[in-house]
Structures are given as C-alpha cells and as structure tokens.
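Residue numbers start at 1 and run along the sequence shown. Since the model is a prediction, treat every value here as computed from it, not as a measurement.
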Amino acid sequence: MHDDAPELGLVLTGGGARAAYQAGVLKGIAELLPRGAACPFPVITGTSAGAVSAIALASDPAHFREAVHAIERVWRAFRVHHVFKADALSVFRSGLHWMLALTTGGWLVRSPKSLFDNTPLWDLLRVKLNFDGIPRGLYKRHLSAIGVCATGYADAHSVTFYACASSIDPWQRAFRKGARVQLTLEHLMASLAIPFLFRPIYVHDGFYGDGAMRQTSPLSPAIHLGANRLLVIGVGDTETDGLGLRNPKAEPTFGQMFGFMLDSLFMDQLHSDLELINSQNETPGVRRIEALVITPSQDLSEIARRHRHELPPALRILLHTIGASNAAGLQLLSYLLFERGYTRELIALGHADARARAEEIRAFLALDRVPTRRVARARRMAPG
C-alpha cells in the first residue's frame, strides 16, 4: 500500500453546514465521469460533517454519481430541525436546564452535556445511510479504505476509525492513531460531536468528540490508508479577517469567540499540513504526496448573512443572546445555518467551482483512464 503507484484519496474536512459546499464539488466531479462509473477514489476519509459524505460514498462505491446525488438531495432539503431540536420549547428547556445547573452548582439538576439535542440527526442518518454497503464495497474492491476521524477525550488522541480491503495495520503516532473497526453510526456521530454543541459519544473504550479537535495532521489518515494523490475539499474561506470586529477595541462576545473557535478548529490544521507535505516532497527518498485542494471561491460567511432570516425564531433569539446576531457573528452562523436556502447556494457554489476547475481535476485524477477500467471491472464482477 505504500509504494509509488498512484492511489487516489478523497479528504473531506469538517465544517458544519458549510459542508454543503462539498456536495456541490462532488456533483461537479461526478459529471466528469461516465454514467455508471464507480467511485474514482479508492481511499476516502472524512472528519465531522465531511464524514457524513465520506460514509455515504463508501456505502455505495460502485455507483459514484448515484451516491453523490443522494448526498445532494439531503443537503438540498436540510432544515435545522433535521440536525437538532430548535423549536421554542426545546431551546427554552435547554436554556432553563443550563441556568438551573449553573445557579445551583448541579445540585438541583444534572449538569447538561450539550447545548443542543441532536437526536433528529441520529434519526436522519440512521435512515439515509447504509453502513452494510461498506464491507460489500470493500469485498468487491470498489473501495480500498474508508476512515472517519474522531477525538478521544480520555487520551486526547486524534483517532481514525477505519475499514479496509487489505491488511493495513493500526498506526500510532504523536497524539494520533488508527483503529481498524467495523464502522457504525456511533463512529460517525462521534466524529460529528462538536464540543459544547453536541454531547460526546461512547464508542468502544471511551467517549469521543468532533474529529477536528486534535487533528493536527488532517491529511495523514488518507496517507496511512495508502493514498498518495489527495483531492481535498475544504470549506474554509481563502482569507480570514479574525473576528471581523468593526471596532478592534470592542470586547468580542461569546458568540463571536465561539465562531472564531470553530473557524480555527476546522481550518488552521489543513493549511499547516499542506505546508509540511510540500516541504517533505522536496526531501530526496521520501514518498511524494500530491494534493489538489478545492475551497470556496466566495466568502461563506457573507452567503450566510443573506440567509440568516431562515433560522427558526428561537435559534435567532439564542444567537442574539450570546452576541452572534450581528456581522461579527457570521462565522458561527455559517456553521449552524442548516437551512435549505443557504445549503442550496453552497451546493451551487461548489458545483460552479468544480466546473471552473474541471480540466485541472480531470488531469489530477486521470479521469479519462480510471473510470473506464473501474467500470469494466465492476461489470466483470457483476452476477449474471
């Protein structure tokens, strides 16, 4: 798995509602392939919201375009209540619970585990995703490996839960490791468990949270799983302006700081990892890693501004309370705006960006050669 033969990998970063952009890029890539083509990426890894699309692709690797269309349909229909309970009663109960816990020191009620109840997301993904398709795709060699990244609260390690078709041994590095498992919804929900917003998930031997928290090297899971040509779909802005405070002497609100934290959580590690890989590629004798990175050509926070009125009233009040309702709170809004007007515009942007870079993508992935071979192989293996 670690020779110099080209092995394509797809890396899907985290980013909350921003991950709708990835669905648009994947749609653009699917249009470059012939109908009926298998997934052009033998290795797929995903973190946080990106892990959802990673699992969806790995669940049906023999039919890439159909899998991408299924991902797009979910994102196009998204509403906040599909992700967490955002009705007035649920938000009021959550606020009351936090207030009673803080004022009584946890004596009157138990300390809350999270701000939001994401039971609706559990229910949605349980219906939409077919985890049984993963071992079938691995067995038929439509897929080489799939990894989902989470963070262990017990040891503060970044953990890649992975399944593979060949003998890839679990790895251990500084603050990161790989664990070979049979992937389940629990592994995915652990990767999605953004701290404070959603409660941690107990998997195997402990509690896990969002995979971006301790992911100092977001490209390494795909490399460990055998990929040496990585297409990375990020959701960060090309340039960042800190908290975007109009008055730099004004103290930032909680909402602004939390949005800044999420932005740092999902974005900073990717750029530093790319710099490290580019530096290592210049070292003689080191396995060369090629990467093509696709990120939004427009500011997603500005797009969120145009759609903030779509949020449920109770959630708008909550964001206003924590100081995330003005221009400086747009970062947080861009991660939580699970509403179809916003997600559809992000899909359209991702699609347009992929089409604008179509020739670059085609050349990087060698799509003129790979799909024909993979489709032929799929046909040979088909019964009858």
So, for [X] and [Y], which heavy atoms are closest and what is the spacing to 0.1 Å?
X    : Y    : result
L10  : L26  : CD2-CD2, 4.0 Å
G46  : S191 : O-OG, 4.4 Å
A222 : L230 : CB-CD2, 3.8 Å
I201 : A193 : CG1-CB, 4.5 Å
P221 : C149 : CG-SG, 3.8 Å
L138 : A145 : CD2-N, 4.0 Å

Between [X] (side chain) and [Y] (backbone), is there a donor-acceptor pair under 3.5 Å?
X    : Y    : answer
R229 : L365 : no
R65  : A30  : yes
R126 : L185 : no
E310 : G341 : yes
N281 : I289 : yes
Y342 : A17  : no

Single-linkage hydrophobic cluster, 4.5 Å side-chain cutoff, [X] and [Y] together:
X    : Y    : result
F196 : I194 : yes
L32  : F41  : yes
F175 : I223 : no
M213 : F207 : yes

Can you find a pair of side-chain heavy atoms, one from [X] and one from [Y], that are under 4.5 Å apart?
X    : Y    : value
L349 : P296 : yes
I29  : V68  : no
E186 : Y208 : no
S53  : W75  : yes
T13  : T47  : no
Y335 : R18  : yes
Y21  : I294 : yes
R316 : R308 : no

Looking only at the side chains, is there a donor atom on one of S167 and R180 sitting less than 3.5 Å from an acceptor on the other?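 Result is no, nothing qualifies.
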Hey, are S59 and N130 close enough side-chain-wise for a donor-acceptor pair under 3.5 Å?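 No donor-acceptor contact under 3.5 Å links the two side chains.
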Any chance you could lay out the side-chain contact (heavy atoms from CB on, under 4.5 Å) test for Q22 and V235, step after step, and finish with the verdict? CA-CA 7 Å; Q22 295 172 337; V235 295; 3.9 Å; yes
Could you tell me if the ring centre of F198 sits under 6.0 Å from that of W122?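 They do not qualify: ring centres at least 6.0 Å apart.
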How about H142 and H63: are their ring centres within less than 6.0 Å of each other?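 Ring-ring flag for H142/H63: false, centres at least 6.0 Å apart.
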Test log, rule side-chain contact (heavy atoms from CB on, under 4.5 Å), inputs R173 and S220: CA-CA 10 Å; R173 299 292 186 272; S220 67; over 6 Å; no
Worked verdict on L276 versus S217 for side-chain contact (heavy atoms from CB on, under 4.5 Å): CA-CA 9 Å; L276 177 61; S217 184; 5.6 Å; no
Electrostatic pair E339-R79, nearest N-O below 4.0 angstrom: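 Salt bridge: yes.
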Distance (rounded to the nearest 0.5 Å) between [X] [atom1] and [Y] [atom2]:
X    : Y    : atom1 : atom2 : value
I347 : H351 : CD1   : NE2   : 11.0 Å
R76  : H69  : CZ    : NE2   : 11.0 Å
D123 : N118 : CG    : CG    : 10.0 Å
I277 : L219 : CD1   : CG    : 4.5 Å
I71  : K128 : CD1   : NZ    : 12.5 Å
E31  : K27  : CD    : NZ    : 6.0 Å

For atom CZ of F131, is the number of surrounding heavy atoms from other residues, nucleotides or ligands below 6.0 Å larger than 12?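 More than 12 heavy atoms, drawn from other residues, nucleotides or ligands, come within 6.0 Å of this atom.
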Neighbour count above 12 (heavy atom, 6.0 Å) for R355 CZ: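 No.
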What orientation do [X] and [Y] show, parallel under 30°, tilted 30 to 60°, or perpendicular over 60°?
X    : Y    : result
F338 : F84  : perpendicular
H82  : F78  : tilted
W171 : H224 : parallel

Can you list the residues that meet the side chain to side chain donor-acceptor pair (under 3.5 Å) rule with K177, with sequence neighbours excluded?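 Here the qualifying residues are D155.
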With side-chain contact (heavy atoms from CB on, under 4.5 Å) as the criterion, how do I55 and I134 come out once you've worked through the C-alpha distance, each side chain's angles and the decisive distance to 0.1 Å? CA-CA 8 Å; I55 291 293; I134 295 176; 4.0 Å; yes
